[in-house]
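The next block holds one structure in the form of structure tokens; read it before the comments.
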Amino acid sequence: MRIAVQEDPFDLGAESEAFARNCAGMGAVVTFTGIVRDLDGALTAMEIEHYAGMTERAITGIAEKAMARWGLGDVLVIHRHGRLKPGERIMMVATAARHRKDAFEAAEYLMDYLKSRAPFWKKEITARGAGWVAAREEDEAALNRW
Amino acid sequence: MLDVLYFAWVRERIGIPREQVETQAATVAELVEELKAREERYAAAFADPSALRVALDQELRDFDAPLAGVREVAFFPPMTGG
């Protein structure tokens, strides 16, 4: 299991390749990548603030639960903070399981929990000004399915 | 003495990222009342506690949680990771 909270970009190809190579006995690897979306062409940047210390702890707790629940062979979570431009990769998760259903489900579980339980806050910087992204009710509701 | 941390718009409204607070408050809710009584910027930040989350020593907790033995309290809006 590897958890990385960092300002620097990550190499999606190299990370995916290294993750898949070290999954002996696992038949399925799922990766998900989150990208800064430019909603209406007005986004200048996305600033991501986080709670250093708690962030690593919270993500580790979420990943450990996923490992146990789906019997995963491995988990990778990389999440960036700082100032990102549209099109940049914000984060990735990878899960390895014996079968694809478990790998997909665990990846969705990780994403649902990272969204609402990992201490990150996004601020959109546009030509018209800046504003904090509000949490959505459906994101909180998504946790209930687990 | 408690380390009190603020994030996102809570930090912006209060104007500082962290401070040390001398308090006798027994729960988070009592601490919030003390802070609100301080100055308008605190009252503005804590106007709607249902819009806030709290972590005690880096674990998410409820506002009725006791502060005994706690060293670090953090207030922030609902998280938007992922």
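Residue numbers start from 1 in every chain, and the chains themselves are labelled A, B, ... in the order their sequence lines are given, proteins ahead of strands. Just so it is clear, the structure is predicted and the values come from calculations on it, not from any experiment.
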Subject >> Which of A/K115, A/E140, A/M111 touches chain B most, by non-hydrogen pairs under 4.5 Å >> reply: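 Highest number of pairs under 4.5 Å: A/K115.
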
Original post:
With chain B, which of A/G61, A/G53, A/A134, A/G34 has the greatest number of heavy-atom pairs at distances under 4.5 Å?
Top reply: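 With the most close heavy-atom pairs to chain B, the winner is A/G53.
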
Original post:
Judged by atom type as modelled, is there a donor-acceptor pair below 3.5 Å linking the side chain of A/H79 to the main-chain atoms of B/G81?
Top reply: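 Not confirmed, A/H79 side chain does not pair with B/G81 backbone.
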
**OP:** Could you point out which residue of B/Y6, B/W9, B/F76 forms a ring-ring contact (aromatic ring centres under 6.0 Å, His included) with A/W121?
**Re:**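 Passing option: B/F76.
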
Under a single-linkage definition using a 4.5 Å side-chain heavy-atom cutoff for Ile, Leu, Val, Met, Phe, Trp and Tyr, are [X] and [Y] assigned to the same hydrophobic cluster?
{"X": "A/M26", "Y": "A/V77", "answer": "no"}
{"X": "A/V75", "Y": "A/Y109", "answer": "yes"}
{"X": "A/M91", "Y": "A/I59", "answer": "yes"}

Is any side-chain heavy atom of [Y] closer than 4.5 Å to one of [X]?
{"X": "B/T80", "Y": "A/F120", "result": "no"}
{"X": "B/M79", "Y": "A/S116", "result": "no"}
{"X": "A/R57", "Y": "B/E59", "result": "yes"}
{"X": "A/K123", "Y": "B/E12", "result": "yes"}

Counting only heavy atoms from other residues, nucleotides and ligands, does the tally under 6.0 Å from [atom1] of [X] exceed 12?
{"X": "A/E138", "atom1": "CD", "value": "yes"}
{"X": "B/R71", "atom1": "CZ", "value": "no"}
{"X": "A/R37", "atom1": "CZ", "value": "no"}
{"X": "B/R41", "atom1": "CZ", "value": "yes"}
{"X": "A/R145", "atom1": "CZ", "value": "yes"}
{"X": "A/F104", "atom1": "CZ", "value": "no"}

Identify which part of [X] has an atom lying under 4.5 Å from any heavy atom of chain B, answering side chain, backbone, both or neither.
{"X": "A/A52", "answer": "backbone"}
{"X": "A/R117", "answer": "both"}
{"X": "A/K122", "answer": "both"}
{"X": "A/A58", "answer": "neither"}
{"X": "A/H81", "answer": "neither"}

**OP:** Please report the shortest heavy-atom distance between A/H50 and B/F7, naming the atom on each side.
**Re:**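 Here A/H50 and B/F7 meet closest at O-CE2, 3.5 Å.
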
Subject >> Verdict with supporting geometry, A/M54 and B/L60, side chain to side chain contact (heavy atoms under 4.5 Å, CB included) >> reply: CA-CA 10 Å; A/M54 179 175 170; B/L60 279 174; 4.0 Å; yes

**OP:** Give, as side chain, backbone, both or neither, the part of B/A55 having an atom under 4.5 angstrom from any heavy atom of chain A.
**Re:**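 Contact with chain A involves the side chain of B/A55 alone.
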
Subject >> With sequence neighbours excluded, residues passing side-chain hydrogen bond (donor to acceptor under 3.5 Å, both in side chains) with A/E47 >> reply: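 Partners of A/E47 under the side-chain hydrogen bond (donor to acceptor under 3.5 Å, both in side chains) test: A/R83.
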
